[in-house]
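Order of listing sets the numbers, starting from 1, for every ligand and every atom in it. Numbering starts at 1 and runs along the sequence shown.
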Amino acid sequence: MENCIFCKIINGEIPSTKVYEDDLVYAFNDLEPTAPLHCLIVPKKHICCANEIMEEDEALIGHIFRVAVKIAKEKGFSENGYRIVNNCGKDAGQTVFHIHFHLLAGREFGWPAG
Ligand code: AMP
Ligand code: ZN
């Protein structure tokens, strides 16, 4: 997808700090971290937001959650806990319209979300 910064990150056109990669997903550190661990897990397939997840994407989205858990475990956060966040649309604060899942850990998080 042209002019999508996350597609450009996946293609290596924009630099990023890689945390994990496989055939389906790419994970990298957030540019402006809000927790000691703050990475973004994105499918290599361009899907703009949760509204656009199709039936054929169900396994992909499940895979993303398994990757998030794997990263959290490897970084030593599985016991204390972590948060996986997806913002969909303007009111949720989505700023990049290539679906992504924030993986946040290393501090306590408040609830309800701001
Ligand atoms: P959201 O508000 O859910 O759309 O989150 C977008 C996230 O992408 C924000 O946390 C940004 O800090 C992050 N971000 C934007 N550009 C980059 C980039 N070039 N590299 C890493 N993270 C980025
Ligand atoms: Zn994209």
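- Heavy-atom distances between Phe97 and ligand 1 stay at or above 4.0 Å for every pair.
- The two residues Phe77 and Ala105 have their closest heavy-atom pair at CG-CB, 3.5 Å.
- Side chains of Arg83 and Trp111 form a contact here, defined as non-hydrogen atoms less than 4.5 Å apart.
- Each side-chain hydrogen bond (donor to acceptor under 3.5 Å, both in side chains) pair with one or both residues in residues 19-28, not counting sequence neighbours, appears once here: Ser16-Tyr26, Lys18-Glu21, Tyr20-Asp22, Glu21-Lys44, Asp22-His63.
- Ligand-side atoms of ligand 1 in range of Phe28: 21 (C), 22 (N), range being under 4.0 angstrom from any heavy atom.
- Under the 3.5 Å distance criterion, the side-chain polar atoms of Glu52 are left unmatched by any main-chain donor or acceptor of Ile99.
- In this structure, the side chains of Phe101 and Val67 stay at 4.5 Å or more apart for every pair of heavy atoms.
- Residue contact check for ligand 1: Gly93 places a non-hydrogen atom closer than 4.0 Å to it.
- By the 6.0 Å contact criterion, CD on Glu79 is open, its count of non-hydrogen atoms from other residues, nucleotides or ligands being 12 or less.
- Polar contact check, Leu31 against ligand 1: a nitrogen or oxygen pair lies under 3.5 Å apart.
- Heavy-atom distances between Ile9 and ligand 1 reach below 4.0 Å in at least one pair.
- Under the 4.0 angstrom criterion for non-hydrogen atoms, Asn29 is in contact with ligand 1.
- Note on the Zn ion (ligand 2): protein N, O or S atoms under 2.8 Å away count 4, no waters included.
- Looking only at side-chain heavy atoms (C-beta outward), Lys8 and Asn3 come within less than 4.5 Å of each other.
- Counting atoms of ligand 1 from 1 in the listed order, those under 4.0 Å from a heavy atom of His102 are 1 (P), 3 (O), 5 (O), 7 (C), 10 (O).
- Any N or O atom pair closer than 3.5 Å counts here, and Gln94 shares no such pair with ligand 1.
- Ligand 1 has an N or O atom lying under 3.5 Å from an N or O atom of Thr95, backbone or side chain.
- Panel note: side chain Asn86, backbone His102; no donor-acceptor pair is recorded below 3.5 Å.
- Near Phe6, with a cut-off below 4.0 Å to any heavy atom, the atoms of ligand 1 are 8 (O).
- What sits closest to atom 1 (P) of ligand 1 on the protein, heavy atoms only, is His100 NE2, 3.1 Å.
- Proximity of Ile71 to Ile41: side-chain heavy atoms (C-beta onward) are separated by under 4.5 Å at one or more points.
- Residues Leu60 and Val25 meet the side-chain proximity criterion, which asks for heavy atoms closer than 4.5 Å.
- Take Asn80 and apply the side chain to side chain donor-acceptor pair (under 3.5 Å) test, not counting sequence neighbours, and it matches no residue.
- Considering only residues two or more places apart in sequence or on other chains, His98 meets the ring-ring contact (aromatic ring centres under 6.0 Å, His included) condition with His46.
- The heavy atom nearest to atom 11 (C) of ligand 1, considering only Ile99, Asp30, Val96, Asn86, is found in Asp30.
- Nearest to atom 15 (C) of ligand 1 among the protein's heavy atoms is Ile5 CD1, 4.1 Å.
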